[in-house]
Trainee: 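Quick one: this structure, given as structure tokens, is what I'll be asking you about.
In what follows, every heavy atom counts, from backbone to side chain, and hydrogens, waters and symmetry copies are set aside.
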Amino acid sequence: VQLQASGGGLVQAGGSLKLSCAASGGTFSPYVMGWFRQAPGKEREFVAAISGSGRTTIDADSVKGRFTISRDNAKNTVYLQMNSLEPEDTAVYYCGRNQGGVWHIATIQHPGKYKYWGQGTLVTVSS
């Protein structure tokens, strides 16, 4: 399984970016997919996750109301629409495929429960 993340870049505070993560080499639709981020000197933190069907999502409190996760199972792709970006959102963003398709709030927010990761895409928000 390979995950290819893209869409990062430099944006001013208040701006928007849309990240994409294309999966290949395995099945896609049954699995929970997630976005995490890691700022310099910090641990990888949960951003958002989406169920295999796409009908259920969960966001971290820090991005609630600003970021939206979605997926297109026909294209084996998961997205992260990021609006109202803040300098604190600056990080490398990683997409991951959960080890399973079960919607467990504890496991879908834990990076250790994701078996495959993309290479990361850098998002830099200037003030």
Side-chain angles (χ1 to χ4, degrees):
V1 175
Q2 290 188 326
L3 303 176
Q4 182 71 41
S6 61
L10 174 64
V11 63
Q12 287 188 330
S16 299
L17 283 174
K18 186 174 184 177
L19 306 184
S20 299
C21 175
S24 61
T27 55
F28 180 74
S29 57
Y31 291 94
V32 172
M33 297 295 294
W35 285 98
F36 289 73
R37 66 188 182 186
Q38 189 165 15
K42 295 189 176 181
E43 294 185 350
R44 190 169 298 191
E45 67 170 355
F46 172 77
V47 175
I50 187 167
S51 64
S53 67
R55 285 192 288 267
T56 306
T57 64
I58 184 171
D59 306 317
D61 289 342
S62 59
V63 306
K64 202 175 295 291
R66 301 187 297 122
F67 291 10
T68 302
I69 188 171
S70 62
R71 67 191 294 163
D72 185 338
N73 285 342
K75 295 182 178 180
N76 286 359
T77 301
V78 62
Y79 305 96
L80 185 68
Q81 177 66 49
M82 305 186 296
N83 298 328
S84 301
L85 283 160
E86 304 169 352
E88 293 74 22
D89 296 317
T90 295
V92 177
Y93 284 71
Y94 297 92
C95 60
R97 196 188 88 171
N98 195 272
Q99 62 189 16
V102 178
W103 190 258
H104 246 298
I105 296 299
T107 59
I108 62 177
Q109 298 184 75
H110 195 295
K113 300 300 183 181
Y114 286 73
K115 187 172 182 179
Y116 299 101
W117 292 96
Q119 84 286 7
T121 185
L122 176 62
V123 173
T124 304
V125 184
S126 62
S127 57

Trainee: Going from CE on Met33 to OG1 on Thr57, what distance comes out if it is rounded to the nearest 0.5 angstrom?
Mentor: 14.5 Å
Trainee: Hey, could you give me the CZ/SG distance between Arg97 and Cys21, rounded to the nearest 0.5 Å?
Mentor: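 That separation rounds to 11.0 Å.
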Trainee: With hydrophobic residues grouped by side-chain heavy-atom distances under 4.5 Å, do Ile108 and Leu80 end up in a single group?
Mentor: no
Trainee: Distance-only, no hydrogens or angles: does the Gln119 side chain make a donor-acceptor pair with backbone N or O of Ala5 under 3.5 Å?
Mentor: yes
Trainee: Who passes salt bridge (charged side-chain N to carboxylate O under 4.0 Å, His left out) against Asp89, sequence neighbours left out?
Mentor: Arg37, Arg66
Trainee: For Asn83, give me all partners under side chain to side chain donor-acceptor pair (under 3.5 Å), at least two apart in sequence or on another chain.
Mentor: Ser16, Gln81
Trainee: Test of understanding: clusters of I, L, V, M, F, W, Y form through side-chain heavy atoms closer than 4.5 Å, transitively. Do Ile69 and Tyr116 belong to the same one?
Mentor: yes
Trainee: Kindly write out the residues that satisfy ring-ring contact (aromatic ring centres under 6.0 Å, His included) with Phe46, not counting sequence neighbours, or none if the list is empty.
Mentor: Phe36
Trainee: With side chains defined as the heavy atoms from C-beta onward, is the minimum distance between Val32 and Lys113 less than 4.5 Å?
Mentor: no
Trainee: Rounded to the nearest 0.5 Å, what's the gap from OG on Ser127 to CD on Gln12? Could you check?
Mentor: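 The OG atom of Ser127 sits 9.5 Å away from the CD atom of Gln12.
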Trainee: Between Ala23 and Leu3, what is the shortest heavy-atom contact and its length?
Mentor: CB-CD2, 3.5 Å
Trainee: Could you walk me through whether Ile50 and Val78 satisfy the side-chain contact (heavy atoms from CB on, under 4.5 Å) test, starting with their C-alpha distance in whole Å, then the side-chain angles of each, then the deciding distance to 0.1 Å, before giving a yes or no?
Mentor: CA-CA 9 Å; Ile50 187 167; Val78 62; 4.1 Å; yes
Trainee: Is the NZ atom of Lys64 crowded by more than 12 outside heavy atoms at less than 6.0 Å?
Mentor: yes
Trainee: Is there a side-chain contact between Arg44 and Tyr114 (heavy atoms, below 4.5 Å)?
Mentor: no
Trainee: Could you go through the side-chain contact (heavy atoms from CB on, under 4.5 Å) check for Val11 and Met82 one step at a time?
Mentor: CA-CA 11 Å; Val11 63; Met82 305 186 296; over 6 Å; no
Trainee: How would you list, by chain and number, every residue that makes a side chain to side chain donor-acceptor pair (under 3.5 Å) with Ser84, sequence neighbours excluded?
Mentor: none
Trainee: At what distance, to the nearest 0.5 angstrom, does CG of Asn76 lie from OG1 of Thr27?
Mentor: 9.0 Å
Trainee: Do Val123 and Leu19 come close enough that some side-chain heavy atom pair is under 4.5 Å?
Mentor: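 Contact flag for Val123/Leu19 side chains = yes.
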Trainee: Could you name each residue pair satisfying ring-ring contact (aromatic ring centres under 6.0 Å, His included) that touches residues 52-100, not counting sequence neighbours?
Mentor: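 Qualifying pairs, neighbours excluded: none.
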Trainee: Please check if Leu85 and Val92 belong to a single hydrophobic cluster, counting links between Ile, Leu, Val, Met, Phe, Trp and Tyr side chain heavy atoms closer than 4.5 Å.
Mentor: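 As far as the 4.5 Å side-chain criterion goes, Val92 and Leu85 are not connected within one cluster.
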Trainee: Answer with yes or no whether the hydrophobic clustering places Ile58 together with Trp35; edges join I, L, V, M, F, W, Y residues whose side-chain heavy atoms lie under 4.5 Å apart.
Mentor: no
Trainee: Decide whether a cation-pi geometry holds between Arg71 and Phe28; the criteria are a distance under 6.0 Å from NZ or CZ to the six-membered ring centre and an angle within 45° of the ring axis.
Mentor: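 The answer is yes; both the distance and angle limits are met.
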Trainee: Counting C-beta onward and ignoring hydrogens, is there a side-chain heavy-atom pair between Lys115 and Tyr31 closer than 4.5 Å?
Mentor: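 They are not in side-chain contact.
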Trainee: Without swapping roles, check the side chain of Asn73 against the backbone of Gly52 for a donor-acceptor pair under 3.5 Å.
Mentor: yes
Trainee: If I compare all heavy atoms of Thr121 with all of Gly8, which pair ends up nearest, and what's the gap?
Mentor: OG1-N, 3.0 Å
Trainee: Who passes side chain to side chain donor-acceptor pair (under 3.5 Å) against Ser6, sequence neighbours left out?
Mentor: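 Testing Ser6 for side chain to side chain donor-acceptor pair (under 3.5 Å), a comparison that skips the adjacent residues, returns none.
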Trainee: Can you tell me how far NE2 of His110 sits from NE2 of His104, rounded to the nearest 0.5 angstrom?
Mentor: 14.0 Å
